[in-house]
Amino acid sequence: MIYPKIPLAQSIIQICLDKGVKNIVISPGSRNAPLTIGFVNNPEFNCYSIVDERCAAFFALGIAQQIQKPVAVVCTSGSALLNYYPAFAEAFYSQIPLIVISADRPQSKIDIGDGQTIRQENVFKNHCLYNANLTEEACIENDLKINRAINKAFAKKGPVHINAPFEEPLYQTVSKLDVDVTILDLAKKKKIIAIDDIVEFTTIWNASKKKLILVGENKPNEIDAKIIELLAHDDSVVVMTETTSNLHHPTFLNNIDTIITPFSKKDFEDFVPDILITFGGMVVSKRIKAFLRQYKPANHWHIDPLRGYDTFGRLTKHFKLEPNSFFNQFLPFTIPIQSDYKASLQKTAKLRKAKHDEYSGKIPFSDFKVFGEIIPSLPQDSMLHLGNSSTIRYAQLFDINPSIEVFCNRGTSGIDGSTSTAIGAAVANKKQTVLITGDISFLYDSNALWNEYIPKNFKIILINNGGGGIFRILPGHDETPVFNTFFETSHCLTVEPLAKMYGFEYSTASDETSLATSLKAFYAQNHKPCILEIFTPTRVNDAVLLQYFKELD
């Protein structure tokens with residue numbers, strides 16, 4: 001076995017190995033050579049080389065998102081480390097375990113004019129679960145810091161930073177380890193609801209006729225089937241889900257915006273729940289958030305083992321458990337109650353569905369029309385990744401087959417990194433993976449395709465509407481040079497040259513007929529990754545969408 005000669009690098013590598021951190025994403029550099037040598041020469045690690053650090057971090061995020069275990073990203077010193085920050089922040093807010101291991105210059109070289117040197121210690125402090133600022137020598141104190149960082153990533157499901165200073169020479173190797181590392185076990189505690197809380201909160205539950213459960217971003221198959229059935233058969237419980245909730249039942253209501261946008265003041269007053277229960281990650285729908293902030297429920301309980309966001313300004317209880325653990329302990333003490341809460345909302349949802357179908361059948365080719373064709377075409381048992389901005393919002397308006405797993409970087413909701421994350425997820429998951437994204441988001445992350453690990457069945461549906469279409473449907477849109485240049489970022493670009501350069505199969509569509517033909521061929525070929533670029537009319541899309549909400553009532 002080949003090891004780096006520097007003992008500190010040996011310690012980092014050995015502790016990662018002992019703690020089960022097996023996936024390592026490395027961006028080439030010199031200062032991180034001791035780490036690179038140690039990781040790539042040990043067959044226990046799965047090592048990936050991604051040149052662009054921003055893409056590398058999102059690629060690692062995609063892997064971690066799927067395996068739900070920490071993935072390490074390794075970079076050289078200087079500005080390379082700063083390129084990890086967008087994915088680092090996404091990991092923090094999406095509760096995805098990520099370990100950043102940065103090589104650094106020794107402390108004596110900082111701020112003296114040495115090249116490729118910045119202040120790296122605590123650089124992620126505002127979004128970091130643990131900062132392990134190491135010294136140059138292998139020692140017990142460094143081992144403890146490395147252990148604590150990795151343990152935090154496992155236990156708290158978020159990002160940590162290990163900063164390791166290395167002095168030259170960097171490339172020397174040895175044939176055996178010179179260190180005997182210290183390992184700290186990860187303590188696990190089973191969390192339960194206190195009996196006093198069960199008595200107090202089931203009393204409130206059993207007296208309430210209107211209970212709304214709002215599910216944000218949620219992992220597939222996360223909630224037990226028996227819990228789903230119990231909630232589905234309670235007439236006083238309405239379960240509202242989003243595309244990223246990955247939670248399905250015929251009685252659950254998705255398409256939230258479609259249902260509530262036409263509500264009158266009286267409708268909202270009738271809909272406001274006695275109890276709001278939330279779990280999962282960030283909620284996409286601005287309309288449901290605006291409603292619950294204005295018409296506040298008497299009680300808001302959030303279920304999450306780590307964080308209790310007061311999203312609606314009404315949080316009355318944070319249950320620090322996983323949702324399954326909460327409901328399995330709580331529901332046996334609840335009593336069914338007569339209520340027309342669910343029936344009323346389901347009746348409304350049925351009317352909205354009829355209006356939705358009627359409108360979809362008469363509109364011209366547009367973003368809305370395209371999503372109406374794409375979503376039903378997705379292969380069963382596949383994985384879908386969605387870009388942010390208008391892409392995720394359009395997807396919310398359509399039913400997705402329950403066999404499809406859906407993901408989106410909603411922690412920070414940024415357009416950066418959607419493609420890189422999807423590729424990392426596809427590498428880890430092995431399922432047929434489709435990314436639906438917009439033109440600006442895709443171009444912003446185009447270095448994601450500079451990646452040797454893209455599965456042959458990875459597919460990108462790129463909706464090119466000539467700019468940032470999301471800004472056309474937000475208040476303040478005005479057809480001026482300032483708007484077109486500085487908000488929408490109008491352009492006439494196509495990604496065909498990129499597809500050719502990176503070896504992707506490429507096809508296009510610009511109307512309903514070509515879209516139907518292209519989709520069929522798109523899914524049929526799996527000998528190399530492919531891009532379907534769909535061109536939609538810039539000046540039609542916003543009018544079609546805005547009119548949709550007007551015709552729902």
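For reference, positions follow the sequence shown, starting with 1.
- Here W205 and F330 bring their ring centres to under 6.0 angstrom of each other.
- Side chains of N526 and K459: a donor on one and an acceptor on the other come within 3.5 Å.
- A salt bridge links E405 with K431: the closest approach of a Lys/Arg side-chain nitrogen to an acidic carboxylate oxygen falls below 4.0 angstrom.
- Proximity of a side-chain donor or acceptor of Q432 to a complementary backbone N or O of N457 within less than 3.5 Å is detected.
- Neither side chain, H385 nor T433, offers a donor N or O lying under 3.5 Å from an acceptor on the other.
- Looking at Y548 and S360, their side chains never bring a donor and an acceptor atom within 3.5 Å of each other.
- Looking only at distances, a side-chain donor or acceptor of K210 sits under 3.5 Å from a matching main-chain atom of D270.
- Between the T348 side chain and the S344 main chain, a donor and an acceptor come within less than 3.5 Å of each other.
- Donor-acceptor pairing under 3.5 Å is lacking for the side chains of H318 and Y309.
- A cation-pi arrangement, defined by a distance under 6.0 Å to the six-membered ring centre and an angle within 45 degrees of its axis, is present between K317 and F319.
- Surrounding NZ of K125 are at most 12 heavy atoms belonging to other residues, nucleotides or ligands under 6.0 Å away.
- With hydrogens and angles disregarded, a donor-acceptor distance shorter than 3.5 Å links the side chain of Q68 to the backbone of Q65.
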From CA spacing to verdict: side-chain hydrogen bond (donor to acceptor under 3.5 Å, both in side chains), H300, T278: CA-CA 8 Å; H300 173 203; T278 54; 2.8 Å; yes
side-chain contact (heavy atoms from CB on, under 4.5 Å) evaluation trace for F442 with T391: CA-CA 11 Å; F442 177 82; T391 299; over 6 Å; no
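- Residues T421 and I423 fail the side-chain proximity criterion, which asks for heavy atoms closer than 4.5 Å.
- Using a 4.5 Å heavy-atom threshold, the side chains of I150 and I99 count as touching.
- A cation-pi contact, defined as under 6.0 Å to the ring centre and within 45° of the axis, is absent between R352 and F549.
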Chi angles and distances behind the side-chain hydrogen bond (donor to acceptor under 3.5 Å, both in side chains) call for N328, D224: CA-CA 9 Å; N328 281 323; D224 291 347; 3.3 Å; yes
I460/C530 under side-chain contact (heavy atoms from CB on, under 4.5 Å): CA gap, chis, key distance, verdict: CA-CA 6 Å; I460 299 173; C530 53; over 6 Å; no
Evaluation steps, side-chain contact (heavy atoms from CB on, under 4.5 Å), between K19 and N147: CA-CA 8 Å; K19 289 197 162 293; N147 272 274; 2.8 Å; yes
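- Taking the side chain to side chain donor-acceptor pair (under 3.5 Å) definition, one finds that N388 meets it with R410, sequence neighbours left out.
- Around atom NZ of K152, no more than 12 heavy atoms belonging to other residues, nucleotides or ligands sit under 6.0 Å away.
- Between the side chain of K211 and the main chain of S208, a donor-acceptor pair closer than 3.5 Å is present.
- A donor-acceptor pair is defined here as one N or O able to donate and one able to accept, closer than 3.5 Å; such a pair exists between the side chain of S339 and the backbone of K209.
- S285 and D257 share a side-chain donor-acceptor pair at under 3.5 Å.
- Annotation: F312 is not in aromatic contact with F291 [ring centroid separation under 6.0 Å not met].
- By the neighbour-count criterion of 12 heavy atoms within 6.0 Å, atom CG of D357 is densely surrounded, having more than that number from other residues, nucleotides or ligands.
- Under the 4.5 Å side-chain criterion, counting only non-hydrogen atoms from C-beta, V238 is not in contact with F252.
- Judged by distance alone, the side chain of E90 and the main-chain N or O of T412 form a donor-acceptor pair under 3.5 Å.
- By the 4.0 Å N-to-carboxylate-O rule, K265 lies close enough to E269 to be salt-bridged with it.
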Working for side-chain hydrogen bond (donor to acceptor under 3.5 Å, both in side chains), residues Q329 and S325: CA-CA 6 Å; Q329 295 178 57; S325 181; 2.9 Å; yes
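- For the pair E551 and K362, the salt-bridge criterion is met [side-chain N within less than 4.0 Å of a carboxylate O].
- Distance CG/L532 to CD1/I461: 6.0 Å, rounded to 0.5 Å.
- A donor-acceptor pair is defined here as one N or O able to donate and one able to accept, closer than 3.5 Å; such a pair exists between the side chain of N324 and the backbone of E222.
- For K289, the NZ atom sits in a packed shell: over 12 heavy atoms of surrounding residues, nucleotides or ligands are nearer than 6.0 Å.
- No salt bridge links R393 with E242; every basic N to acidic carboxylate O contact stays at or beyond 4.0 Å.
- You'll find the side chain of I534 stays beyond 4.5 Å of the side chain of L462, heavy atoms only.
- Minimum heavy-atom separation, T316 to A298: CG2-O, 4.0 Å.
- At a threshold of 4.5 Å between non-hydrogen side-chain atoms, the residues F398 and I374 do not count as touching.
- Note that the CD1 atom of I198 and the OG1 atom of T203 stand 11.0 Å from one another [nearest 0.5 Å].
- Between the side chain of N464 and the backbone N or O of E533, no donor-acceptor pair lies under 3.5 Å.
- Between Y84 and H161, the ring center distance fails the sub-6.0 Å criterion.
- A 4.5 Å side-chain heavy-atom check between Q346 and L253 finds at least one atom pair inside the cut-off.
- If you take CZ on R287 and OG1 on T261, they are separated by 3.5 Å, rounding to the nearest 0.5 Å.
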CA sep, side-chain torsions, deciding dist, call: S245, N218, side-chain hydrogen bond (donor to acceptor under 3.5 Å, both in side chains): CA-CA 4 Å; S245 296; N218 193 58; over 6 Å; no
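- Two residues are said to be in side-chain contact when any heavy atoms from C-beta on lie closer than 4.5 Å; F58 and T419 fail this criterion.
- Distance CG/L515 to CG/L519: 4.5 Å, rounded to 0.5 Å.
- Using a 3.5 Å distance cut-off with no hydrogens or angles, the side chains of D399 and N254 do pair a donor with an acceptor.
- Partner of F279 under the side-chain contact (heavy atoms from CB on, under 4.5 Å) criterion, out of L321, L214, L247: L247 alone.
- Rounded to the nearest 0.5 angstrom, L292 CG and L212 CG are separated by 6.5 Å.
- Sorted by first and then second residue, the ring-ring contact (aromatic ring centres under 6.0 Å, His included) pairs with a member in residues 210-239 form an empty list; sequence neighbours excluded.
- No more than 12 heavy atoms of other residues, nucleotides or ligands shown are found within 6.0 angstrom of NZ on K320.
- Applying the ring pair (Phe, Tyr, Trp, His ring centres under 6.0 Å) criterion to F88, with sequence neighbours excluded, gives F124.
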side-chain contact (heavy atoms from CB on, under 4.5 Å) assessment of V21 paired with V71: CA-CA 6 Å; V21 181; V71 174; over 6 Å; no
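- Put simply, the side chain of N151 never gets that close to the backbone of R148: no donor and acceptor are under 3.5 Å apart.
- Side-chain atoms of I223 and I228, non-hydrogen and from C-beta on, do get closer than 4.5 Å to each other.
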